[in-house]
There are 2 protein chains.
Amino acid sequence: MDIKQSTDATAFKQRIFFALSEPGRYTIVRMLYHVGHEMGCNELNQHVEIDKSTMSYHLRTLREIGMITTRTQGRQKFVTLNTDKIEAVFPGLLERL
Amino acid sequence: MDIKQSTDATAFKQRIFFALSEPGRYTIVRMLYHVGHEMGCNELNQHVEIDKSTMSYHLRTLREIGMITTRTQGRQKFVTLNTDKIEAVFPGLLERL
DNA sequence: TTTATAGTTTTAAATTTATCAAACAATGAG
DNA sequence: CTCATTGTTTGATAAATTTAAAACTATAAA
């Protein structure tokens with residue numbers, strides 16, 4: 001029984017937990033997963049009701065952790081959930097959110 | 001596709017994430033799971049190396065969330081991971097920690 | 001070019017969380 | 001009873017996190 005594990009892997013897992021411990025980010029991730037495709041930031045804003053700068057902050061947090069990817073088109077940004085990456089470490093987690 | 005869900009269920013899930021976002025608590029939960037049976041607080045202290053009052057604080061947090069249960073025997077306390085309860089909301093999560 | 005829109009960054013303040021020393025219970029041992 | 005042990009609670013501080021206003025960047029539209 002091996003108690004220790006790679007620091008990197010652990011760090012990623014813990015940051016996923018950190019991300020999901022905040023209600024706003026939890027809702028964002030949950031919505032992205034259930035919608036099943038990328039969403040525009042404005043679309044997210046309509047559903048979540050967070051100040052735009054706070055939203056930007058949370059999205060940056062999720063991006064830095066590696067849970068989402070953003071794409072710019074014109075002056076809009078689209079957010080994609082990195083489902084595979086999350087599933088790789090915690091299979092079945094997203095559908096339970 | 002239902003985006004909303006019970007507040008209670010969501011709260012429990014988020015508190016699990018909160019609990020596991022802290023390295024000390026993450027380690028405690030991970031160890032309890034892998035050991036597979038209850039552990040004495042002192043036994044935990046030997047493995048985790050946290051100040052005893054901080055350990056007590058983290059264990060109280062985990063207890064209040066409902067992730068562990070404690071039993072007193074003499075002047076020792078034994079900690080049990082509420083595996084079933086956690087598995088019920090996030091099956092397979094514990095073994096991936 | 002000018003104006004409006006979409007989103008980011010900065011900054012400051014508020015809130016939450018983690019840490020540890022010290023005082024405190026409660027139990028067992030001598 | 002007295003002392004040592006195990007763990008909790010309190011209180012004070014430090015550190016991290018969240019929030020939102022304001023200034024800013026970049027692009028589209030008029």
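Heavy atoms only: backbone and side chains are in, while hydrogens, waters and symmetry mates are out. Naming convention: chains lettered A, B, ... in sequence-line order (proteins, then strands); numbering from 1 in each chain. As the structure is a prediction and not an experimental result, all values here were calculated from the model.
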Taking C-beta and beyond as the side chain, do [X] and [Y] meet within less than 4.5 Å on heavy atoms?
{"X": "B/I28", "Y": "B/M55", "result": "yes"}
{"X": "B/V48", "Y": "B/M31", "result": "yes"}
{"X": "B/I16", "Y": "B/M67", "result": "yes"}
{"X": "A/Q73", "Y": "A/F78", "result": "yes"}
{"X": "A/L81", "Y": "A/L94", "result": "yes"}

Measure [atom1]/[X] against [atom2]/[N] and give the value in whole Å, please.
{"X": "B/N42", "N": "D/dA4", "atom1": "CG", "atom2": "C1'", "result": "15 Å"}
{"X": "B/E43", "N": "D/dT6", "atom1": "CD", "atom2": "C1'", "result": "15 Å"}
{"X": "B/K52", "N": "D/dT9", "atom1": "NZ", "atom2": "P", "result": "13 Å"}
{"X": "B/I50", "N": "D/dG7", "atom1": "CD1", "atom2": "P", "result": "14 Å"}
{"X": "B/N45", "N": "D/dT5", "atom1": "CG", "atom2": "C1'", "result": "13 Å"}
{"X": "A/L59", "N": "C/dA6", "atom1": "CG", "atom2": "C1'", "result": "13 Å"}
{"X": "A/L20", "N": "D/dT18", "atom1": "CG", "atom2": "P", "result": "12 Å"}
{"X": "A/M55", "N": "C/dT9", "atom1": "CE", "atom2": "P", "result": "15 Å"}

Indicate whether any N or O donor in one side chain lies under 3.5 Å from an N or O acceptor in the other, for A/T70 and A/R63.
yes
Nearest to the side chain of B/S56 - C/dA23, D/dA20, D/dT9?
D/dT9
Among C/dT8, D/dT8, C/dT19, which is the nearest nucleotide to the side chain of B/H58?
C/dT19
Do you know which two heavy atoms are closest between A/L97 and B/K13, and how far apart they sit?
C-NZ, 4.0 Å
Scan nucleotides 10-17 of chain C against the protein and return all N/O pairs shorter than 3.5 Å with their distances rounded to 0.1 Å.
none

Does any residue of residues 70-80 of chain A have a heavy atom under 4.0 Å from DNA chain D, and if so, which ones, in number order?
A/G74, A/R75
Output yes when at least one side-chain N/O atom of A/T54 is less than 4.0 Å from OP1 or OP2 of D/dA20, else no.
yes
Just by distance, do the side chain of B/S56 and the backbone of B/K52 share a donor-acceptor pair under 3.5 Å?
no
Validation row, ring centre B/F90 to ring centre B/F17 under 6.0 Å
yes
